[in-house]
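Heads up, the thing below is written out as structure tokens.
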Amino acid sequence: AAPSPRREVAAGNPPRAIIAIPGVWTDAWFDAPDAWWAWVCVWAGWSLDDWRHFRATWGVSGAAEREAITRATGIHFLDWRRVPGGSIRGTVDGALALLNHHLCDLPPGADVTLVGHSKGGNVIKRYLTQIAIADRANDQSGAGLPHTGGGSPERRPPTELPRCRVRAAMICAPVDPLREVACAALGLGIRPSRWSGVPRGVRVATINNWFDPSGGRLRGVPNYQVRLWNDNFVPWPPHGMKSALARRVLSDLGAVENA
């Protein structure tokens with residue numbers, strides 16, 4: 001069986017989950033999630049050997065077995081192949097619907113860490129924008145958050161919003177207006193959207209190279225700047241995931257138990 005980070009969770013604590021959302025040209029990452037190893041290990045409190053055991057088990061498991069592993073460990077990988085157009089042409093709104101499906105599968109009150117790379121970070125931005133919109137609507141109406149609603153995906157609050165405590169890290173993500181416009185022009189399924197600010201009770205971080213043209217910043221969000229690749233080289237190959245910052249960022253976000 002795959003190692004479970006939940007084995008050390010104290011009784012009465014909310015269940016934990018991490019949802020990893022990759023970017024473009026990553027259709028294969030669901031079957032081969034090697035790029036996420038450092039972020040998962042820090043979040044789960046695993047050693048590299050724990051990850052290797054998990055990865056070997058994941059690699060030989062079928063759909064039902066992988067679903068069981070996900071439920072046991074709290075580790076979710078978003079699969080762009082389930083979004084029409086895949087990771088390249090698939091829309092952020094389509095991936096957002098899939099993210100909400102992952103959230104729907106979590107127990108009430110779950111403690112959720114979202115980690116998005118590249119286009120995956122834009123999916124997280126869209127989700128956080130929904131939270132901010134719902135907060136404002138809730139403030140104006142004085143009523144509880146709706147569980148369903150019409151309107152566009154950007155205006156409709158996620159059905160699981162009241163159930164999860166959320167924190168998020170966006171790695172080399174095109175989340176600012178300039179990069180969103182460029183990605184839209186390239187047909188990468190991203191459309192520019194207004195950043196509504198950090199929602200109440202949510203911790204957010206952006207990470208990118210100081211010269212990286214693909215990673216943007218957001219108003220009011222701490223930004224972690226790195227030099228060059230800033231990745232661990234074991235296990236090989238590195239993926240430019242800013243893995244050397246995983247512990248610092250997740251600890252600052254409050255995603256690491258006993259940190």
Side-chain angles (χ1 to χ4, degrees), residues 18-36 39-40 58-59 62-63 66-67 70 75-105 112 114-131 133 149-160 166 168-196 204 206-209 212-218 231 237-242:
I18 183 170
I19 304 177
I21 310 170
V24 295
W25 296 294
T26 60
D27 286 10
W29 281 27
F30 182 78
D31 291 330
D34 305 84
W36 300 110
W39 294 88
V40 169
W58 183 269
R66 287 179 176 178
E67 183 176 346
T70 295
I75 300 167
H76 299 245
F77 303 115
L78 188 139
D79 186 358
W80 273 104
R81 295 173 301 182
R82 297 176 60 185
V83 178
S87 64
I88 300 176
R89 302 299 181 189
T91 67
V92 166
D93 287 334
L96 180 59
L98 185 54
L99 171 59
N100 283 335
H101 177 76
H102 281 279
L103 294 171
C104 187
D105 281 344
V112 181
L114 304 175
V115 181
H117 178 254
S118 181
K119 185 176 177 178
N122 197 268
V123 176
I124 292 176
K125 177 195 173 184
R126 188 65 58 83
Y127 176 74
L128 297 178
T129 299
Q130 286 191 332
I131 295 178
I133 290 172
S152 69
E154 186 172 340
R155 292 289 177 182
R156 186 168 58 250
T159 59
E160 301 308 310
V166 177
M170 292 169 270
I171 307 166
C172 295
V175 291
D176 60 297
L178 176 61
R179 290 169 179 81
E180 286 185 326
V181 169
C183 289
L186 292 171
L188 297 179
I190 294 175
R191 58 184 175 85
S193 63
R194 179 176 176 272
W195 172 241
S196 301
V204 187
T206 59
I207 311 162
N208 58 283
N209 295 342
D212 193 340
S214 67
R217 304 188 187 191
L218 291 171
D231 219 15
H239 294 274
M241 297 292 290
K242 311 302 178 280

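Values in this document were obtained by computation on a predicted structure and should not be read as measured data. As a basis for the values below, the full set of heavy atoms in this structure was taken, side chains included, without hydrogen atoms, waters or symmetry mates. Numbers for residues simply follow the sequence, beginning at 1.
- We find the CD1-OG1 distance between Ile133 and Thr129 to be 6.5 Å, quoted to the nearest 0.5 Å.
- Look at Arg217 and Asp176 and you find no salt bridge, because none of the NZ, NE, NH1 or NH2 atoms lies under 4.0 Å from a carboxylate O.
- The side chain to side chain contact (heavy atoms under 4.5 Å, CB included) check on Ala28 picks up nothing, with sequence neighbours excluded.
- Between the side chain of Trp80 and the backbone N or O of Thr26, no donor-acceptor pair lies under 3.5 Å.
- Within the model, atoms CG of Leu78 and CD1 of Ile21 stand 5.5 Å from one another, a figure rounded to the nearest 0.5 Å.
- Here Trp29 contributes atom CH2 and His239 contributes atom NE2; the two are 6.0 Å apart, rounded to the nearest 0.5 Å.
- At least one donor-acceptor pair under 3.5 Å links the side chain of Lys242 to the backbone N or O of Gly240.
- Looking at residues two or more places apart in sequence or on another chain, you find a side chain to side chain contact (heavy atoms under 4.5 Å, CB included) between Ile88 and Trp25, Leu188.
- Listed here is the closest heavy atom pair of Ala20 and Pro22: O-CD, 3.7 Å.
- Smallest separation of non-hydrogen atoms from Arg66 and Gly59: NH2-O, 4.0 Å.
- Sorted by first and then second residue, the pairs that involve residues 82-92 and meet side chain to side chain donor-acceptor pair (under 3.5 Å), not counting sequence neighbours, are Asp27-Ser87.
- Judged by distance alone, the side chain of Lys125 and the main-chain N or O of Ser193 form a donor-acceptor pair under 3.5 Å.
- Listed by chain and number, the residues in a ring-ring contact (aromatic ring centres under 6.0 Å, His included) with Trp58 are Phe30, Phe54, Phe77 (sequence neighbours excluded).
- A side chain to side chain contact (heavy atoms under 4.5 Å, CB included) with Ile19 is found for one member of Ile124, Thr70, Ile75, Leu99 and no other, namely Leu99.
- Residues that satisfy the side-chain hydrogen bond (donor to acceptor under 3.5 Å, both in side chains) test with Thr206, not counting sequence neighbours, are Asn223.
- A side chain to side chain contact (heavy atoms under 4.5 Å, CB included) with Val123 holds for exactly one of Leu128, Val83, Leu114, Val92; it is Val92.
- Trp36 places no side-chain N or O within donor-acceptor distance of the main-chain N or O of Val115, the cut-off being under 3.5 Å.
- Nearest heavy-atom pair, Ile190 versus Pro174, reported as atom, atom and distance to 0.1 Å: CD1-CG, 3.8 Å.
- Closest approach of Ala35 to Met241, counting heavy atoms only: O-CG, 3.4 Å.
- Looking at residues two or more places apart in sequence or on another chain, you find a side-chain hydrogen bond (donor to acceptor under 3.5 Å, both in side chains) between His102 and His76.
- Across every non-hydrogen atom of Ala173 and Gly121, the tightest pair is CB-CA, 3.6 Å.
- Contacts of Arg81 classified as salt bridge (charged side-chain N to carboxylate O under 4.0 Å, His left out), with partners at least two apart in sequence or in another chain: Asp31, Asp79.
- Distance check, rounded to the nearest 0.5 Å: CG of Leu218 to OG of Ser196 gives 10.5 Å.
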